[in-house]
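Have a look at the structure below, then the notes.
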Amino acid sequence: MGGIKKENEGKVVVKKAAASKATEKKSATSKAAPKASTATKTTTAKKTATEKSASASAATKTSAAKKTVASAEKKVTAAKSATTTKTTSAKSKKPVAGIDEEGTFRAWDNAKTVAKSKKEAAPKNSVEERAADKKATAEAEKKLEAAKKADPNAGMAKKEVNASDYSDDKIRHLDALEHIRLRSGMYIGRLGDGSNQNDGIYILLKEIIDNSIDEFIMGFGTKIDVEIKENRVKVRDYGRGIPLGKVVDCVSQINTGGKYNDDVFQFSVGMNGVGTKAVNALSSYFRVISIRDGKCVEAVFAEGKLQSNKSGAVKPGTKNGTYFEFVPDEKIFGKYSFNMEYVEKRMWNYAYLNSGLTLRLNGQDFASQNGLLDLLTKELESETIYPIGSYTGEHLQFAFTHTNSYGENYFSFVNGQYTSDGGTHLTAFKEGFIKGVNDFFQSSYKSEDIREGITAAILVKVKDPVFESQTKNKLGNTDIRPWIVAEVQSGLDNWLHKNPKAAERLKAKIEANEKLRTELSSVKKQAKENAKKVSIRIPKLKDCRYFVQDGKKGENSMIFITEGDSASGTMTHSRNADYQAIFSLRGKPENMYGKKQSDIYKNDELYQLMMALGIENSVENLKYSKIVIATDADNDGFHIRNLVLTFFLGYFEELVTSGRVFILETPLFRVRNKKENIYCYSEQERDEAQKKLGKGCEVNRFKGLGEINPEEFEQFIAPETMHLTPVEVSQLKIIPQLLSFYMGKNTPERRKFIEEHLLSNAEIDV
């Protein structure tokens with residue numbers, strides 16, 4: 001019939017089922033007078049029932065009224081009993097969240113949010129309070145207007161669109177190459193200006209050379225000639241050459257090529273029939289010549305459109321093969337230039353992965369006889385604890401060793417393609433290596449002790465590779481894992497049996513790692529306890545909403561490491577809080593060169609930085625896609641930058657070698673007149689801007705990030721306009737040398753270097 005509900009103030013309310021209007025009124029009266037005693041309520045109920053009973057004419061109605069009164073008395077008695085029981089229970093047992101036995105939902109009793117008192121909830125009537133509210137509202141409106149102005153579509157003229165306008169003739173069809181030009185990011189990833197090794201111009205070069213590599217893999221041609229001069233690229237291989245009747249189709253028609261037929265290509269890098277088409281579409285000039293058995297076909301394109309198509313004969317003795325020549329289109333890429341250091345690194349990778357192949361770049365030969373073994377030898381030289389081990393199977397190769405450096409470094413490849421983000425093959429290699437070590441030593445070492453300090457390279461050949469994007473940075477095939485794990489385990493076991501001295505040194509390294517980890521565990525525990533005492537949150541971190549672990553939403557996540565509150569304050573007002581976080585250093589961090597790993601956990605600021613990044617336990621837990629060092633463009637800023645890089649290179653080398661660390665380049669100058677602002681990143685750009693705006697223009701020199709107001713700064717950290725310089729290492733072996741020279745103890749060599757390169761005030765252009 002009814003239920004009893006306990007209110008916050010300890011009141012009892014009798015809820016009635018709607019048996020009659022009289023009962024409803026009686027219940028309402030009961031609720032309206034919560035301070036009345038239970039006895040009073042009972043008397044009132046009896047009186048009301050008696051009066052209504054007397055006015056009734058039928059005896060049956062009188063009887064019914066008496067029954068109703070009796071029922072009410074029973075319920076009141078029950079209410080007393082329930083109230084007493086619940087009061088006792090409430091004192092002895094603390095309620096918890098959820099639905100209680102009465103069907104009432106309770107919030108968490110220990111929640112921090114509590115109901116405001118009447119005094120707190122009272123409207124703000126004082127002049128000061130109203131003025132503060134008005135000021136806060138004005139600031140919010142100002143920020144909103146600034147945000148609207150930053151909208152790139154704000155200046156677009158609005159068009160009235162009628163339903164009748166959406167007709168058949170409004171449907172556009174783009175041919176394949178037009179689509180590549182319009183949506184280039186789908187095919188080559190980023191564009192860039194050549195300052196990053198993953199910029200689009202290097203992808204175009206790779207796509208062409210990949211075709212020549214595929215010819216070598218199939219046993220045709222042991223030489224590839226490459227020339228890059230004045231942004232014009234020429235590539236000549238000595239393979240079979242494109243079938244003469246399909247030359248134009250193979251470089252202009254999507255989904256056309258020989259890679260779909262495993263009778264002619266089995267372990268190709270290019271599998272989607274897009275590579276050369278993308279190069280053609282994104283080049284202002286593109287030329288291809290195929291030579292087969294004394295005959296040739298030439299096709300010339302401009303911006304993907306065929307300009308000429310010729311066929312003819314070649315000189316006697318001319319070897320078969322294909323010749324490509326192209327110039328990346330400045331309409332797509334803007335001003336760009338090839339960094340030959342990046343190109344040379346790619347040539348070496350091709351050579352290491354294809355023993356017996358010679359690549360000639362601008363007259364310099366790149367060749368390797370020992371494959372991945374040569375790669376690690378060149379990267380590490382004498383830094384290894386034991387001689388580099390290697391294994392070569394039909395479809396799997398790997399080489400490995402350990403150094404005294406912290407962290408792990410891997411070079412992973414699939415069918416000759418460098419997979420910078422790893423994938424299934426790299427994960428399987430790690431698993432197989434751990435199993436191989438434990439099987440050989442009949443032990444159960446932890447994975448982190450086995451892999452700490454390892455440097456390894458792995459190459460797998462897969463018939464149908466599945467990459468996560470057109471740029472092929474990560475392998476997704478899952479069916480290859482069991483095979484790789486088993487072969488790595490067996491291959492490693494075999495090498496260790498044949499090299500017992502190296503096996504002893506490996507065991508000593510693992511046990512040293514185990515001892516170090518044990519020592520670190522107590523230091524880490526103390527560091528965590530100290531951090532909790534300071535604050536549950538990291539004081540100097542202004543975090544973002546999405547991280548790498550959130551998938552697509554966090555793929556652009558980044559953290560800016562700034563110096564001082566002034567710079568971080570500017571960036572805080574300019575950033576996109578969805579994916580841009582900020583960590584503010586107090587000033588110059590401690591120089592950690594030559595310190596023990598345990599020392600970084602005793603340094604409060606660096607420990608908080610590790611926590612902010614999520615790497616205090618492992619770099620695999622890194623929260624952000626990019627780590628951006630954002631310091632002032634002055635001597636102090638450069639020094640802080642070097643101190644932070646010393647910290648990363650000394651203890652988290654993998655963050656740098658995997659391409660996660662960047663330097664934020666902000667403008668040094670602002671040149672402006674009444675109509676236009678131009679931001680310049682160098683003296684040369686400043687001079688050009690002055691010429692453009694004329695004599696009356698104003699020039700400002702930015703000495704620190706805090707000098708740039710938030711509205712201006714927003715464009716300098718927006719993804720589309722941000723200038724980032726990647727921190728890259730050409731060879732692992734140079735890291736100890738660099739750190740020792742620049743960050744180690746003062747030496748006569750460093751003193752001499754400073755004296756020779758120190759600028760006078762007259763030479764410093766400010």
Exam field: side chain Y336 to backbone D199, donor-acceptor pair closer than 3.5 Å
no
Has E215 got a side-chain atom pairing as donor or acceptor with Y238's backbone, closer than 3.5 angstrom?
no
What is the distance from atom CD of E728 to atom NZ of K345, rounded to the nearest 0.5 Å?
6.5 Å
Does any N or O in the side chain of Q307 come within less than 3.5 Å of the main-chain N or O of K305, such that one atom is a donor and the other an acceptor?
yes
Taking F669's backbone N and O only, do any of them form a donor-acceptor pair with R686's side chain (distance below 3.5 Å, no angle check)?
no
If you measure from OH on Y410 to OG1 on T427, what distance do you get to the nearest 0.5 Å?
10.0 Å
Can T478 and T424 be counted as having a side-chain donor-acceptor contact under 3.5 angstrom?
no
Would a line drawn from the ring center of Y391 to the ring center of F398 be shorter than 6.0 Å?
yes
For D193 and S195, indicate whether the former's side chain and the latter's backbone hold a donor-acceptor pair under 3.5 Å.
yes
Quick one: does any side-chain atom of Y202 pair with a main-chain N or O of N339 as donor and acceptor, under 3.5 Å?
yes
Hey, is the main chain of S625 close enough, under 3.5 Å, to the side chain of S557 for a donor-acceptor pair?
yes
Parallel, tilted or perpendicular: ring planes of H395 versus W483, cut at 30 and 60 degrees
perpendicular
Is the ring centre of Y679 less than 6.0 Å from the ring centre of F716?
yes
